[in-house]
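In what follows, a single structure is set out as structure tokens and then discussed.
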Amino acid sequence: MECAAKGLAAEPCAGGVADRRCGSCGAVAYCSRAHQIIHWRVHKEECERFAEQMRRVNLLSQFPFTFLEPPTLNHELPSTRFFFLQTIKLHEKGLWKSECICGSDVASAKDLSIAAEWNLQSSLCPCTEPENPVPAVLASWEDYYQWRSLPLHSPVAVLLHWPLTLYHCLQLYRLQTSKYDGQDTLCIHYLGPEKELLQLATFGELRALFPGVQIHIELVGPEVPKSRDGEVVNISRYARCSDESCCCKSSVGSEDSSCTAVRLKLWKGFYHERCSDIMKDSKPHLIVAPNAGVAAYSSWMPTIADWDSCNFYGLL
């Protein structure tokens, strides 16, 4: 974790990990007491809100597994998440590998392949084109499952919250502005990806959510492996199911980038450090920052200036 005062203090951060946490909320960390004191004038306005969120962090981290009852006497199961994945026979398989605390470490991940599969029967996952056009608005998971002809006990929502979050953000902004007019290309800057990097295949669902639209996503964050910096990943099919007879097994994704519905480009580093390079070729319609922390850096304001100059649609 980065020191929350980085960029605010005149003196540089002390070496090593910022392991001195705020005693009230525990949500932010510092490299030294001096930096903690400097940052307090900024943090005091949000400390109470962070504390409330941190009180619920264990519950939220287990959602939607919270509603399952694990065996009370079995101490071999490290978490309800582990129990859930074991129950549905998905532990350490395909797209689900990083969903348990004993799963792969994103920071050391070498393979961000889009070839990972659902490891579910075709009736439980969206592995093919939808049977019907996407409704005007999908307002809930129930709406989504009904549209995709999935039973409500399917676990795919656990992974599909990445692309469905982008869908919701774009739909929300359409209600607030007339700028988005259903263009043929949508460009999104996605800040701070972590576990998403091991589940890139799920972004293929954007093909169904935005039919006929080219989706360009810039994935920017320190968790991107250095060896993959600048790499372009094209997704032209849906993640496959486990049924050998399913038509998704015979579908072959096009290698022609002009036919690719979803294009992902990986950028290692912090957005405020890479922003000027990214903006040269990619003017965003939407910037999504689920885990970016850009406001802790002195280059935050110049980054905002770059956003203003490109007249993007929204920051969510």
Side-chain angles (χ1 to χ4, degrees), residues 1-58 60-61 101 105-110 188-197 218-231 265-284 286-310 312 314-316:
M1 180 179 288
E2 290 280 345
C3 175
K6 185 176 181 179
L8 294 178
E11 64 274 13
C13 287
V17 179
D19 54 5
R20 182 187 182 88
R21 289 184 177 269
C22 171
S24 297
C25 70
V28 293
Y30 304 94
C31 65
S32 64
R33 177 173 174 78
H35 275 203
Q36 183 174 1
I37 294 174
I38 291 172
H39 189 251
W40 176 245
R41 68 177 186 271
V42 176
H43 179 58
K44 63 182 178 181
E45 300 296 331
E46 59 188 10
C47 186
E48 184 176 349
R49 176 172 59 87
F50 281 179
E52 176 61 27
Q53 293 175 349
M54 292 298 286
R55 280 192 286 270
R56 297 181 294 162
V57 69
N58 290 333
L60 294 174
S61 67
I101 59 173
D105 181 9
V106 175
S108 62
K110 301 297 182 182
I188 301 169
H189 289 186
Y190 193 108
L191 284 55
E194 294 180 351
K195 191 161 57 175
E196 302 97 307
L197 296 172
E218 312 292 327
L219 290 167
V220 192
E223 301 296 341
V224 172
K226 185 176 181 180
S227 62
R228 311 298 290 267
D229 186 26
E231 182 174 337
K265 186 170 183 179
L266 307 175
W267 298 81
K268 181 173 180 59
F270 294 101
Y271 185 68
H272 55 279
E273 297 172 345
R274 305 298 304 268
C275 180
S276 58
D277 291 332
I278 298 171
M279 289 288 188
K280 292 177 182 177
D281 301 316
S282 175
K283 302 295 184 182
L286 181 75
I287 298 176
V288 180
N291 189 32
V294 287
Y297 298 85
S298 58
S299 53
W300 168 246
M301 292 308 296
T303 301
I304 294 178
D306 285 340
W307 290 348
D308 291 340
S309 66
C310 75
F312 66 91
L315 168 65
L316 294 169

**Study point:** NZ/NE/NH1/NH2 to OD/OE distance under 4.0 Å, D277 and K280
**Key:** yes
Review point. When you look at S24 and E48, which way does the side-chain contact (heavy atoms from CB on, under 4.5 Å) test go after all the steps?
Key: CA-CA 8 Å; S24 297; E48 184 176 349; over 6 Å; no
Review point. When rounded to the nearest 0.5 angstrom, what is the spacing between SG in C275 and CZ in F270?
Key: 14.5 Å
**Study point:** E11 backbone acceptor or donor facing H35 side chain under 3.5 Å
**Key:** yes
Point to revise | Minimum heavy-atom distance Y271-V220, with the two atoms named | key: CA-CG1, 3.9 Å
Check your understanding: Regarding E196 and Y190, is there a side-chain donor-to-acceptor distance under 3.5 Å anywhere?
Key -> yes
Exercise for review: Mind listing the closest non-hydrogen atom pair of G26 and R21 along with its distance?
Suggested key: O-NH1, 2.7 Å
Practice item. May I ask you to decide if S282's main-chain N or O and H189's side chain share a donor-acceptor pair within less than 3.5 Å? Key: yes
Review point. Say you draw a straight line from CG of L219 to CH2 of W267; how long is it, rounded to the nearest 0.5 Å?
Key: 11.5 Å
Exercise for review: Give a yes or no on whether the backbone of K268 and the side-chain of R274 come within a donor-acceptor separation of less than 3.5 Å.
Suggested key: yes
Review point. Less than 4.5 Å apart, any side-chain heavy atom of M279 and any of P284?
Key: yes
Study note, to complete from the structure: Between the CG atom in L266 and the OG atom in S227, the distance rounded to the nearest 0.5 Å is 9.5 Å
Exercise for review: Could you give me the CA-CA distance, side-chain angles and deciding distance for C22 and F50, then say whether side-chain contact (heavy atoms from CB on, under 4.5 Å) is met?
Suggested key: CA-CA 10 Å; C22 171; F50 281 179; over 6 Å; no
Check your understanding: Quick one: do E231 and R228 make a salt bridge, cutoff under 4.0 Å?
Key -> yes
Review point. Side chains of H43 and C25: does their closest heavy-atom pair fall under 4.5 Å?
Key: yes
Exercise for review: Grab the two heavy atoms, one from A5 and one from H39, that are nearest each other, plus how far apart they are.
Suggested key: CB-CB, 3.9 Å
Practice item. Measure the spacing between CD1 of I278 and CD of E273 and express it to the nearest 0.5 Å. Key: 11.0 Å
Review point. Which distance, rounded to the nearest 0.5 Å, do you find between the CD1 of I287 and the CG of L191?
Key: 7.0 Å
Review point. What pair of heavy atoms forms the shortest contact from C13 to C3, and how long is it?
Key: SG-CB, 3.6 Å
